[in-house]
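Down below is the structure, laid out as structure tokens.
In the text below, chain A, chain B and the rest are named by the order of the sequence lines, each starting its count at 1.
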Number of protein chains: 2
Amino acid sequence: MQPVDALIAHCRAHGMRMTVQRRAIFQYLWGNTKHPTAEEVFQAVQERYPGVSLATVYNTLETLTQMGEIQRLDLGGAAERFDPDVRVHHHFTCSGCGQVLDYFAVLPEDVFAGPPGARVDRVQLHAVGLCADCRKLPLPGGSAKSANPNLSS
Amino acid sequence: MQPVDALIAHCRAHGMRMTVQRRAIFQYLWGNTKHPTAEEVFQAVQERYPGVSLATVYNTLETLTQMGEIQRLDLGGAAERFDPDVRVHHHFTCSGCGQVLDYFAVLPEDVFAGPPGARVDRVQLHAVGLCADCRKLPLPGGSAKSANPNLSS
DNA sequence: GTACCTGCAAAGCGTTTGCTAATTC
DNA sequence: GAATTAGCAAACGCTTTGCAGGTAC
């Protein structure tokens, strides 16, 4: 996502109207590395503009996604998350604290080949585990082998 | 997922009751490579057992997931999908026809390292594009450069 | 002034849950 | 016979939509 001022200019140039709500959403997202959900964006913006509605947040996030300024992440869990970093990178969800971290790794060619005969347009890699902080804590799972506590056998 | 008979024996050995509904769900899932949603499982089972309820399907799928017999896939889109193949493999969603295909590729070590200091338990790789069949069709997107129409400028 | 946008509320969808009755062991 | 499980229906969370009024240009 480009800096707020540049983004505003870009929006205007494309005929979009710049409302205070949109400006606030842009400012919240700019440089944000927390991969917020729509709900989190809503709450943050609401602190400054109590009148803002969730529908407006969704509308703006959708518009930004279509403009290619942010990307939508489907990392499991109920809600979608939004990332102002549109570079190709991967995501890690900590099963302890729930935070989502970025990370970078180069994928081999055959990943981009996909199934025989197919054409791959987009690849999303999602890892789940425990972040550095949560590993230090003596919490359940902190030293367990796996984050999947569900194996009954 | 193990063969139906073995799975039934395994369930019984763990004190689970084998109802006709569960048996039908097991049979539908065994060898199924279509990555069905809960709704699709429900409809398939309903053809033979009209009395079955969606809640039962969800319950059984949840139980199988906890047993490690199937895996839950979150591939975007509204509904979760379920895969009786629990080996580590990747998934490809065709943006033309919507089908989900399996594919295999070896990932480099650093993918499993995750962010600095973290411990990775699970990695899911999801590709989106056009499958071999859809590439042959003269449909919109069939010859386009990318399925990501979101880059405006 | 005009068209787009906001805010509100309700509907939509997939999923989960609570309770009673049926079924498995 | 005892206890788990199915069925039904309603509730839930996230997202989308319809409409009337407001606001940027």
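Between the side chain of T65(B) and the backbone N or O of L61(B) there is at least one donor-acceptor pair closer than 3.5 Å. Counting only distance, with no hydrogens or angles, the side chain of E69(A) and the backbone of L7(A) share no donor-acceptor pair below 3.5 Å. Not one N or O on the side chain of R81(B) forms a donor-acceptor pair closer than 3.5 Å with the backbone of L75(B). With hydrogens and angles disregarded, a donor-acceptor distance shorter than 3.5 Å links the side chain of S95(A) to the backbone of G129(A). Of the possible donor and acceptor atoms, one in the side chain of Q71(A) sits under 3.5 Å from a partner among the backbone N and O of D85(A).
Checking H91(B) against D102(B) by side-chain atom types alone, a donor-acceptor pair falls below 3.5 Å. Side-chain contact check for E62(A) and Q66(A): at least one donor-acceptor pair (N or O, by modelled atom type) lies under 3.5 Å. R48(A) and Q27(A) form a side-chain donor-acceptor contact under 3.5 Å, judged by distance and modelled atom types alone.
Comparing M18(B) and L54(B) along DNA chain C, the residue whose closest nucleotide (by nearest heavy atom) sits nearer the 5' end is L54(B).
By the side chain to side chain contact (heavy atoms under 4.5 Å, CB included) test, R12(A) pairs with I8(A), M18(A), R23(A), sequence neighbours left out. Residues meeting the side chain to side chain contact (heavy atoms under 4.5 Å, CB included) test with Y58(A), sequence neighbours left out: A38(A), L54(A).
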If the sugar-phosphate is the primed atoms plus P, OP1 and OP2 and the base is the rest, what is the B/S/- string for nucleotides 2-11 of chain D, using protein heavy atoms under 4.0 Å? -BBSSBBB--
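Read 5' to 3', the first and last nucleotides of DNA chain C with an atom closer than 4.0 Å to a heavy atom of chain A are dA3(C) to dC8(C).
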Reading DNA chain D 5' to 3', what string of ( ), [ ], | and . shows its pairs, if Watson-Crick and G-U wobble pairs count only when both distances fall under 3.5 Å? |||||||||||||||||||||||||
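Contact check of residues 74-81 of chain B against DNA chain C (heavy atom, cut-off under 4.0 Å) returns A78(B), A79(B), E80(B).
Aromatic ring pairs are classed by plane angle as parallel below 30°, tilted from 30° to 60° and perpendicular above 60°; the pair H35(B) and H89(B) is tilted.
Looking at D121(B) and V128(A), their side chains never come closer than 4.5 Å, going by heavy atoms from C-beta outward.
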